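Below is one structure, written out as structure tokens; the observations come after it.
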Number of protein chains: 2
Amino acid sequence: MELTARRRKILRAIVEHYIETAEPVGSKAIAKLAGLECSSATIRNDMAALEKMGYLEQPHTSAGRIPSSKGYRIYVNELMEHHKLSIQETERMNESLQLKMRELDRVIDQAGKLVSQFTNYPAFALAEGREQVTIVRYDLLMVNQTSFICVAMTSTNVVKNKLFHLPTDITEPQLQLLNALLNTSFTGKTLAQFSTDLMETARKAAGSSYGLISLVVSFAMDVLQDSEHSAVHTAGARHLLEHPEYQDVEKAHKLMSYLAQDDLGSLFPDSGDGTRVLIGPENVAEELKDTSVVLASYDIGEGMRGVIGVVGPTRMDYAKITAKLSYMADNLSKLFGGSAQLPERAQPKGLKAPEEHSQKEEE
Amino acid sequence: MELTARRRKILRAIVEHYIETAEPVGSKAIAKLAGLECSSATIRNDMAALEKMGYLEQPHTSAGRIPSSKGYRIYVNELMEHHKLSIQETERMNESLQLKMRELDRVIDQAGKLVSQFTNYPAFALAEGREQVTIVRYDLLMVNQTSFICVAMTSTNVVKNKLFHLPTDITEPQLQLLNALLNTSFTGKTLAQFSTDLMETARKAAGSSYGLISLVVSFAMDVLQDSEHSAVHTAGARHLLEHPEYQDVEKAHKLMSYLAQDDLGSLFPDSGDGTRVLIGPENVAEELKDTSVVLASYDIGEGMRGVIGVVGPTRMDYAKITAKLSYMADNLSKLFGGSAQLPERAQPKGLKAPEEHSQKEEE
DNA sequence: ACTTAGCACTTAGGATAGCTGAGTGCTAAA
DNA sequence: TTTAGCACTCAGCTATCCTAAGTGCTAAGT
């Protein structure tokens with residue numbers, strides 16, 4: 001049975017009406033809508049056909065129809081008109097992205113919060129491809145005889161540091177030797193490339209400073225591990241309660257608990273550029289079988305990609321959400337500027353900086 | 001009307017029974033309880049008296065009694081028996097605190113999450129007294145002609161850094177001059193002490209490097225600001241839904257939204273050492289008038305204190321919660337070890353470190 | 001062959017009434 | 001002062017009815 005133009009129109013109208021009202025849609029309501037010049041009886045026939053084809057469902061005999069996940073799918077793929085964001089919306093989003101930002105993790109966390117805030121759905125944010133990160137530079141700074149700071153800069157231009165306290169004294173020359181050794185042997189290696197072999201080589205070169213070097217290397221590995229550990233940041237789970245499908249506390253609680261786990265990162269397939277929609281049973285996780293997920297990804301640079309997304313009932317305003325997410329993702333891409341450097345507000349506040357030095361800065 | 005021993009016993013029994021079951025407690029249920037050798041009629045009389053005194057309330061004529069906030073108060077102050085944590089509980093908590101920890105903010109965040117996890121209530125964590133933090137040391141590291149890293153160490157031994165990119169070239173001597181200037185003029189100052197006067201002095205001393213210095217100073221101020229900005233970390237709001245008093249979605253959502261704001265820090269009075277309980281209307285915030293808050297604070301060192309706490313219905317297991325919180329706070333105190341240094345797992349994982357250097361380390 | 005009007009049929013969910021049982025307050029006796 | 005007994009109250013459960021929205025089908029119209 002082919003999908004006539006009218007039936008497509010009807011299906012679209014039903015989906016949009018249902019998205020708005022959350023109530024099963026009857027034939028009369030559709031008939032009254034502009035653009036459709038036929039009676040409710042005609043609509044009824046078409047609705048019956050659409051149901052037979054699997055695009056609609058009927059909660060019970062005497063109720064209207066609601067879209068099935070197949071119905072939502074065709075809506076998203078073919079029927080949906082792309083939403084244009086209003087100027088206010090884009091302005092609000094732009095403003096929020098002007099925030100003072102520092103570490104990669106904080107940016108990602110913040111991105112999740114903003115997405116949730118702008119969509120009124122629970123949101124999550126994560127970064128992928130972190131296994132490629134290496135350390136490109138070490139600096140050791142002497143603090144006093146028994147302590148020093150190690151500063152390590154990663155290939156993503158993130159700089160991390162750590163203060164070390166030692167039980168024995170160290171000297172400046174010792175530290176310099178160590179520094180040189182680190183920079184020659186332990187740069188440009190991914191976490192996977194740190195091996196016992198590497199340590200053997202280092203042991204020979206370092207001699208008596210071996211203990212020291214293993215401390216620092218262990219820190220370096222922590223930095224990489226930290227960077228690799230792609231935690232998922234979730235935010236705004238409470239927004240679930242705003243939607244009628246989660247008036248059931250039990251249901252809401254289940255989903256919230258699921259979202260609170262932190263190993264959901266693997267669940268969402270990489271969406272390339274642009275947005276992706278996973279409707280109900282298209283989700284692999286059992287817990288998400290009757291929810292939808294909308295994803296967008298953006299370029300962080302240095303082989304890494306960020307992913308932002310929202311979770312909600314299948315009855316979701318896909319048009320609006322995809323528009324918002326993709327706008328957000330675009331801006332995040334711009335924010336990262338292709339060079340893996342995190343932009344930051346340049347002007348010092350409180351004291352004024354001379355013009356000629358106001359500049360992009362990173363941490 | 002004085003509070004006889006029996007009435008105290010009855011009150012305590014009612015509170016504990018209600019805490020457990022969340023249902024109004026009747027005279028018969030109490031009479032059956034061990035330790036009370038009298039009939040339900042006697043209990044009824046006493047209950048009526050306790051109600052008149054304001055310790056109990058009656059939801060409606062033919063129901064049992066529930067404790068009023070005054071009732072909870074006297075329970076917490078005088079009647080409650082202090083809960084002893086089981087070995088499993090303390091072990092679980094100890095284990096969780098062994099986590100690899102880095103920055104102060106992360107520790108605090110993590111503390112909040114753990115508290116929520118162990119109590120099954122929404123929890124929050126924050127740090128107080130951050131206005132006293134100063135920068136004790138600067139190091140500038142040249143990366144190339146147009147960029148350098150600034151490393152700043154605070155009085156709380158937190159080390160922060162930032163990568164600067166400049167539009168013009170700089171030289172090593174320039175950087176060293178700058179470095180010296182920073183360390184003489186801009187150390188030991190709280191954020192409030194950074195002033196335009198200070199900048200004037202610096203301008204004279206720095207000469208042509210003034211632009212540069214203002215960039216770095218602005219970073220230093222950001223660090224202090226960041227440190228001062230005592231964000232409240234909240235976690236586990238979803239746990240509200242587990243309690244019968246929040247089966248009402250509207251109510252749960254309201255409270256969750258309130259907890260999601262980030263300016264609740266000021267709401268909770270400093271509790272000195274030990275724990276503090278705020279019952280229902282004792283809370284200043286309108287939104288918390290029918291919830292209780294349990295707080296514990298711990299020493300971070302350097303004039304800072306951390307606060308952890310949970311929020312929940314007034315019907316809360318105060319004995320258990322205060323026990324858990326105070327145990328947690330004690331351990332956090334120990335963790336910070338009085339010297340404002342964040343301990344961290346000493347053993348590198350993957351590569352073994354020699355014994356003689358395994359040591360406390362901080363960032 | 002498609003569309004439409006009419007009509008009988010279905011059913012969720014709201015309103016109403018009645019019932020039950022837990023719990024109370026009061027009285028009077030121990 | 002305590003206790004037994006008893007009449008009274010009332011939330012909340014159950015059963016029943018009713019309504020309104022929506023359907024599917026049939027038959028007539030285009």
Side-chain angles (χ1 to χ4, degrees), chain A residues 1-11 13-15 17-18 20-33 35-68 71 244-245 247-248 315, chain B residues 1-11 13-15 17-18 20-33 35-68 71 244-245 247-249:
Chain A
M1 220 185 279
E2 80 295 353
L3 214 43
T4 66
R6 192 183 60 213
R7 285 182 182 170
R8 293 169 71 93
K9 253 189 189 170
I10 291 175
L11 179 51
I14 291 175
V15 172
H17 197 279
Y18 183 66
E20 202 175 331
T21 64
E23 310 241 303
V25 185
S27 53
K28 257 190 204 155
I30 297 298
K32 249 180 262 164
L33 248 52
L36 235 20
E37 300 308 324
C38 54
S39 77
S40 69
T42 312
I43 311 265
R44 266 204 296 288
N45 288 332
D46 284 339
M47 280 165 85
L50 285 166
E51 182 173 359
K52 200 160 287 171
M53 287 186 267
Y55 295 117
L56 294 178
E57 280 168 4
Q58 208 171 9
H60 57 87
T61 332
S62 72
R65 303 301 207 293
I66 60 174
S68 67
E245 23 277 281
Q247 289 311 94
D248 177 8
R315 180 191 65 87
Chain B
M1 220 185 278
E2 80 294 353
L3 213 44
T4 66
R6 192 182 61 211
R7 286 183 180 171
R8 294 170 70 92
K9 256 189 186 169
I10 291 175
L11 180 51
I14 292 175
V15 172
H17 197 279
Y18 182 66
E20 201 176 330
T21 63
E23 309 241 303
V25 185
S27 53
K28 257 190 203 155
I30 298 299
K32 249 179 265 166
L33 248 53
L36 234 21
E37 303 307 325
C38 55
S39 77
S40 68
T42 312
I43 310 264
R44 267 204 295 289
N45 288 333
D46 283 339
M47 279 164 86
L50 285 166
E51 181 173 359
K52 198 162 286 169
M53 287 186 267
Y55 296 118
L56 294 178
E57 280 168 6
Q58 208 171 10
H60 57 87
T61 332
S62 71
R65 303 301 208 294
I66 62 176
S68 67
E245 24 276 282
Q247 289 311 92
D248 178 9
V249 170

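In what follows, every heavy atom counts, from backbone to side chain, and hydrogens, waters and symmetry copies are set aside. A note on names: the letters A, B, ... follow the listed sequences, proteins ahead of strands, and every chain is numbered from 1. In this text the structure is predicted, and so the values were computed from the model without any measurement.
Scanning for side-chain hydrogen bond (donor to acceptor under 3.5 Å, both in side chains) contacts around B/Thr42 gives B/Ser39, with sequence neighbours left out. In this structure, the side-chain hydrogen bond (donor to acceptor under 3.5 Å, both in side chains) partners of A/Glu245, at least two apart in sequence or on a different chain, are A/Arg315. In terms of the side-chain hydrogen bond (donor to acceptor under 3.5 Å, both in side chains) criterion, A/Asn45 has no residue partners (sequence neighbours excluded). Residues passing the side-chain hydrogen bond (donor to acceptor under 3.5 Å, both in side chains) test with B/Glu51, sequence neighbours excluded: B/Arg65.
Protein atom OH of A/Tyr18 is 16 Å distant from nucleotide atom C1' of D/dG22, rounded to whole Å. In this structure, the CD atom of A/Glu23 is 9 Å from the P atom of D/dG22, given to the nearest Å. Rounded to whole Å, atom C1' of C/dT3 lies 13 Å from atom CG of A/Leu36.
For the salt bridge (Lys or Arg N to Asp or Glu O under 4.0 Å) condition, no pair includes a residue of residues 20-30 of chain A, sequence neighbours left out.
Contact annotation: A/Thr42 reaches the phosphate of C/dT4 (side-chain N/O to OP1 or OP2, under 4.0 Å). Here B/Arg6 reaches the OP1 or OP2 of D/dT2: one of its side-chain N or O atoms lies under 4.0 Å away.
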Completion exercise
Per-nucleotide protein contact along nucleotides 11-30 of chain C, 5' to 3', at a 4.0 Å heavy-atom cut-off (B base, S sugar-phosphate only, - neither), is BS---------BSBB-----
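Of the possible polar contacts, none joining the A/Ser40 side chain to the A/Ala31 backbone as a donor-acceptor pair under 3.5 Å is found.
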